[in-house]
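See below for the structure under consideration.
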Amino acid sequence: MTDEMVRAEAVHKSFGSLEVLKGVDLVVRPGEVSCVLGPSGSGKSTFLRCINHLEKINAGRIFVDGDLMGYRERGGKLHELKEKDVAAQRRSIGMVFQRFNLFPHMTVLQNVMEAPCRVKKENKADVRDRAIALLDRVGLGDKVGNYPGQLSGGQQQRVAIARALAMRPKLMLFDEPTSALDPELVGEVLDVMKGLARDGMTMIVVTHEIGFAREVGDSLIFMDGGVVVEQGPPREVLANPQQERTKAFLSKVL
């Protein structure tokens, strides 16, 4: 393990003529929880998807645990990796989306077991034991035989977290994991994420949950217009933002 879990250098991303990321620089160290705030369209979710190469960047570099994501470099030029090599890189990066994306025809337990068994070809009995332990950890040990349609949104999102953890990732990416939930269900998902933070999981969390960022985050990144406008310890940034754009945004959400 390096002393940097994630390093982004001058990352640019465009969709056609629309430039969404305009040179993002970021460092996340092992065990850190980095919370990313910003208005809609600021590039937060796109940047998150670039980290595990779900979106291909147009310029710059992203490293995860010292490895260049999605490319190899030869003579100063980048060459995109084959899909199977990118998939191998992604195995160590867990991602939880706004929508839970569970397989509706599989039970909760089958959802959590699927990737380690199919992708990593792990022993089924070992994976089953780990999956049950993970579902206990997220408070759903009594739901192993249920199907996603029988669960609340908060429960489904907790299954999605357990599913990501089943691959034993070294980095977890959360893309507004509570934004699709009813307000009274948000807390149960945030509690699971707080537990992961206490256990030392490296996390990058795109979120609108200011309280979570203040309480759990090691760093807060405010993005707008495809760039990092301001970053620092969450309590400092929230209490005393230095940039006018940050002040304007926080005045509307605090």
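This chain uses plain numbering: 1 for the first residue, then up along the sequence.
Proximity of a side-chain donor or acceptor of Asn123 to a complementary backbone N or O of Asp126 within less than 3.5 Å is detected. Here the side chain of Gln89 pairs a donor or acceptor atom with the backbone of Gly70 at under 3.5 angstrom. A distance-only check finds a donor-acceptor pair linking the side chain of Arg29 to the backbone of Asp3 [under 3.5 Å]. In this structure, Asn58 contributes its side chain and Ser14 its backbone to a donor-acceptor pair below 3.5 Å. Here the side chain of Gln150 pairs a donor or acceptor atom with the backbone of Tyr147 at under 3.5 angstrom. Here the side chain of Gln231 pairs no donor or acceptor atom with the backbone of Val229 at under 3.5 angstrom. Panel note: side chain Asn111, backbone Met106; a donor-acceptor pair is recorded below 3.5 Å. At least one donor-acceptor pair under 3.5 Å links the side chain of Gln110 to the backbone N or O of Thr107.
Here CD of Gln157 is found 11.0 Å from CG of Leu185. Values are rounded to the nearest 0.5 Å. The CZ atom of Arg90 sits 13.5 Å away from the CG atom of Leu171 when rounded to the nearest 0.5 Å. Note that the CZ atom of Arg137 and the CG atom of Leu196 stand 5.0 Å from one another [nearest 0.5 Å]. The distance from the CD atom of Glu188 to the OG1 atom of Thr178 is 11.0 Å, given to the nearest 0.5 Å. Arg99 CZ to Gln156 CD: the interatomic distance, rounded to the nearest 0.5 Å, is 10.0 Å.
Counting only N and O atoms by type, the side chains of Ser42 and Asp224 include no donor and acceptor under 3.5 Å apart. Counted by atom type alone, Glu32 and Thr202 present zero donor-acceptor pairs between their side chains at under 3.5 Å.
Taking hydrophobic clusters as Ile, Leu, Val, Met, Phe, Trp and Tyr residues chained together by side-chain heavy-atom distances below 4.5 Å, Met203 does not share a cluster with Val36.
Between Met172 and Phe174 the shortest side-chain heavy-atom distance falls below 4.5 Å.
Ion pairing of Lys13 with Glu19 is absent here, as no side-chain N (NZ or NE/NH1/NH2) approaches a carboxylate O to less than 4.0 Å.
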His53 and Tyr71: CA distance, side-chain angles, deciding distance, ring-ring contact (aromatic ring centres under 6.0 Å, His included) verdict: CA-CA 9 Å; His53 205 64; Tyr71 301 92; 5.2 Å; yes

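The number of heavy-atom neighbours closer than 6.0 Å to NZ of Lys56, taken from other residues, nucleotides and ligands shown, is 12 or below.
What you find for Arg61 and Val11 is that their closest heavy atoms are O-CG2, 3.7 Å.
Residue pairs meeting the salt bridge (Lys or Arg N to Asp or Glu O under 4.0 Å) criterion with at least one member in residues 102-123, sequence neighbours excluded: Glu114-Arg118, Glu122-Arg130, Glu122-Arg168.
Val144 pairs by the side chain to side chain contact (heavy atoms under 4.5 Å, CB included) definition with Leu109, Leu135, not counting sequence neighbours. In this view, Arg72 and Arg74, His79, Leu81 satisfy the side chain to side chain contact (heavy atoms under 4.5 Å, CB included) rule, not counting sequence neighbours.
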